[in-house]
Number of protein chains: 2
Amino acid sequence: MSVQERKERERAERERLILATARELAEQQGWDAVTTRRLAERIEYSQPVLYSHFRGKREIIGAVALEGAAELAAAVRAATRAANGPRERVAALARAYLDFAARNPAVYDAMFQLDGGLAFAQEDTPEPLKDAFAALLESLGEVAGEGIDPGLFTEVFWASLHGVATLVRAGRQPPEYAEQRVELLVDRLAIV
Amino acid sequence: MSVQERKERERAERERLILATARELAEQQGWDAVTTRRLAERIEYSQPVLYSHFRGKREIIGAVALEGAAELAAAVRAATRAANGPRERVAALARAYLDFAARNPAVYDAMFQLDGGLAFAQEDTPEPLKDAFAALLESLGEVAGEGIDPGLFTEVFWASLHGVATLVRAGRQPPEYAEQRVELLVDRLAIV
DNA sequence: TTGATTGTCTAGCGGTGCTAGGATTCGAAT
DNA sequence: ATTCGAATCCTAGCACCGCTAGACAATCAA
């Protein structure tokens with residue numbers, strides 16, 4: 001039985017290697033550079049090995065996206081935990097979100113820009129995605145204001161953050177004004 | 001001289017045909033289906049003809065994006081012109097924007113999701129893009145509120161709309177709540 | 001009518017994601 | 001220790017991609 005366990009361990013280890021390599025390559029040279037050939041060469045296996053772990057490139061992107069969702073949720077929770085009061089919590093959340101998008105552009109792309117074959121906002125939505133939304137809802141729900149559904153509010157606030165992240169990423173504006181944008185969003189949208 | 005003019009006319013006509021076909025194909029089956037081979041076949045010319053009009057596929061996407069920017073600007077201006085008062089103007093703008101994104105998903109993708117090789121917010125930004133931003137600024141600038149730069153406010157409001165459009169496009173939420181999202185954004189962000 | 005120029009096409013390059021099928025390794029049973 | 005069977009992995013190749021060189025045909029000027 002121990003032999004089989006070792007094999008499973010090695011297999012899981014190799015899967016992590018694939019994802020880490022794909023992510024590293026994507027952050028270095030963009031997702032276009034993440035081809036199955038290059039990826040296979042970097043992990044020192046042949047191409048078909050990739051397909052014994054994932055259905056295809058799309059699923060690799062999706063797996064990286066799920067990793068990213070978990071990290072984003074953790075970053076948001078860490079930031080909000082360290083803040084005092086609803087207003088500061090929301091501001092900290094916004095900063096943490098935009099910071100994550102800026103520091104991990106390829107992962108953020110995998111989550112929202114590329115097709116990772118992930119189902120959003122449905123029954124079969126993967127747990128990390130639901131949890132990332134939950135992390136946002138925890139702090140945003142309390143500032144939705146009277147008569148506004150917390151879920152709807154979270155969606156809109158999130159959308160705003162996503163839009164800002166996207167436009168900044170596209171080099172639309174120097175990052176100097178990031179803090180002002182956050183302040184504006186928080187001041188106007190959140191009801192404290 | 002008339003011969004040359006006729007040729008130029010025919011050439012311009014063919015360029016329009018290329019763009020219209022690319023756009024149609026993209027709206028029908030997505031941009032992935034817009035390959036140079038398929039596009040060439042549909043316009044009943046060979047592949048290299050495409051490259052006598054555009055540097056490559058990226059530039060075709062970019063051209064469609066510019067068309068879209070002009071149409072979006074026109075749609076926004078038409079909607080705001082028909083509305084009375086700042087509050088209603090902004091609401092009309094938001095509805096027109098989201099409506100455009102929903103009705104022309106492939107064009108919207110070309111503008112913001114795909115790489116069309118376009119420069120944003122720089123000196124060499126194409127005129128249609130600058131004008132689309134200007135169309136937003138015309139109505140949004142007047143509700144930025146005291147002490148807030150109209151440009152910055154427009155950026156943030158636009159980002160919010162873009163985020164909502166993206167999330168709706170990804171099937172995150174049924175379109176029923178579109179109006180509520182618009183109301184929320186307008187009520188909170190705009191200072192009337 | 002000739003010659004040159006312009007326009008278009010055929011054919012092909014190197015790359016992509018993905019897969020069939022053969023070779024090899026390796027644990028288990030004799 | 002040897003053999004067998006299954007699991008594992010790789011070589012080779014498919015159809016397609018964006019893009020281009022070079023041959024060919026049509027068109028115009030002389």
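Lettering follows sequence order; numbering is per chain, from 1.
- The nearest whole Å value for the distance from the CZ atom in A/Arg11 to the P atom in C/dC26 is 17 Å.
- Between the OH atom of B/Tyr45 and the C1' atom of C/dT10 there is a distance of 17 Å, given to the nearest Å.
- Checked against D/dG13, D/dC19, C/dT8, the side chain of A/Gln47 finds its nearest nucleotide in D/dG13.
- Side-chain proximity of B/Ser46 to D/dG18, C/dT10, C/dT16: nearest is C/dT10.
- The side chain of A/Thr36 places no N or O atom within less than 4.0 Å of a non-bridging phosphate oxygen (OP1 or OP2) of C/dC18.
- For D/dG18, the base has a donor-acceptor partner in the side chain of B/Arg37 [N/O atoms by modelled type, under 3.5 angstrom].
- Taking atom CH2 on A/Trp31 and atom P on C/dG17, their separation rounds to 12 Å, with Å as the unit.
- A distance below 6.0 Å separates the ring centres of B/Trp158 and B/Phe112.
- Out of D/dG18, C/dT8, C/dG17, the shortest distance to the side chain of B/Val49 is found at C/dT8.
- Between B/Phe54 atom CZ and D/dG18 atom C1' the separation is 16 Å, expressed in whole Å.
- Atom CG in B/Leu39 sits roughly 12 Å away from atom P in D/dC17 (whole-Å rounding).
- For A/Arg38, the side-chain atoms get nearest to C/dT16 when compared with the rest of D/dT11, C/dT16, C/dG17.
- Under the 4.5 Å side-chain criterion, counting only non-hydrogen atoms from C-beta, A/Arg77 is in contact with A/Asp131.
- Ring geometry, B/Tyr97 versus B/Tyr108: the interplanar angle exceeds 60°, so the pair is classed perpendicular (tilted spans 30 to 60°).
- As a whole-Å value, the separation of B/Ile61 CD1 from D/dG18 C1' is 12 Å.
- The aromatic rings of B/His162 and A/His162 sit parallel, their planes meeting at an angle under 30°, below the 60° perpendicular limit.
- Tested against B/Val186, the residues B/Arg181, B/Glu88, B/Arg87, B/Arg95 include a single side-chain contact (heavy atoms from CB on, under 4.5 Å) partner, B/Arg87.
- A straight line from CD of A/Glu41 to P of C/dG15 spans 12 Å, rounded to a whole angstrom.
- Taking 4.0 angstrom as the limit, B/Arg14 places a side-chain polar atom (N or O) nearer than this to OP1 or OP2 of C/dT8.
- Checking D/dC17, C/dC18, D/dG18 against every side-chain atom of A/Tyr51, the shortest atom distance belongs to C/dC18.
- Whole-Å rounding puts the A/Leu50 CG to D/dC10 P distance at 10 Å.
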